[in-house]
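Please read the structure below before turning to the comments.
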Amino acid sequence: MEYLLYVKDYYLPVFAEQKPEDKSDTEWTLLHCQACGYIRQWVDDNVLNHVSEETHARSLWNKLEQLYAQKTGNNMLFLIKKLLGLKYGDGTPLPDHLNAY
């Protein structure tokens, strides 16, 4: 997701510590709205209710990091369960199975 923000030029409101001097307040607010909208389109529906109230791109990013990037036992257990439940389906192309892995 971070690289997609760089491609779309939405990285400034997420990663900049303060507003650049060449941006007006309205441009900066618009850029925040665009970055938030772009991030939200990639968020799953069951997570959207956790982040729907965030209007600042940096706080939205931090909230998502807090939800997903923690190396807690629950996250590790979820990944292990997902890995153990991965099975090859007959007739499925092998590259698709490897991508799921």
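Counting non-hydrogen atoms of neighbouring residues, nucleotides and ligands closer than 6.0 angstrom, the CG atom of Asp44 exceeds 12 such neighbours.
The salt bridge (Lys or Arg N to Asp or Glu O under 4.0 Å) pairs that include a residue from residues 1-15 number zero, where partners must be two or more places apart or lie in different chains.
Taking Asp25 as the reference, Lys19 meet the salt bridge (charged side-chain N to carboxylate O under 4.0 Å, His left out) condition, with sequence neighbours excluded. Not counting sequence neighbours, Thr29 has no partner by the side chain to side chain donor-acceptor pair (under 3.5 Å) test. Residues passing the ring pair (Phe, Tyr, Trp, His ring centres under 6.0 Å) test with His56 are His32, sequence neighbours excluded. Remark: Arg40 pairs with no residue by the salt bridge (charged side-chain N to carboxylate O under 4.0 Å, His left out) rule, at least two apart or across chains.
Under a 4.5 Å side-chain heavy-atom criterion applied to ILVMFWY residues, the cluster that includes Ile80 comprises Leu84 as well.
Leu60 and Tyr6 fall within the same hydrophobic cluster, defined by Ile, Leu, Val, Met, Phe, Trp and Tyr side-chain heavy atoms under 4.5 Å apart, directly or through other members.
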### Query
Would Arg58 and Asn62 count as a side-chain contact (heavy atoms from CB on, under 4.5 Å) if you check the C-alpha gap in whole Å, the side-chain angles of each, and the deciding distance to 0.1 Å?
CA-CA 6 Å; Arg58 188 168 181 85; Asn62 290 338; 4.0 Å; yes
### Task
Run the numbers on Trp28 and Leu12 for side-chain contact (heavy atoms from CB on, under 4.5 Å), then give the verdict.
CA-CA 9 Å; Trp28 189 241; Leu12 271 178; 4.1 Å; yes
### Task
Might you work through the side-chain contact (heavy atoms from CB on, under 4.5 Å) test for Val51 and Ile39, ending with a clear yes or no?
CA-CA 10 Å; Val51 297; Ile39 292 171; over 6 Å; no
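Partner of Tyr10 under the ring pair (Phe, Tyr, Trp, His ring centres under 6.0 Å) criterion, out of Tyr38, Trp42, Trp61: Tyr38 alone.
Going from atom NZ of Lys63 over to atom CD of Glu53 covers 9.0 Å, rounded to the nearest 0.5 Å.
The main-chain N or O of Ser24 is found under 3.5 Å from a side-chain atom of Glu27 such that the two form a donor-acceptor pair.
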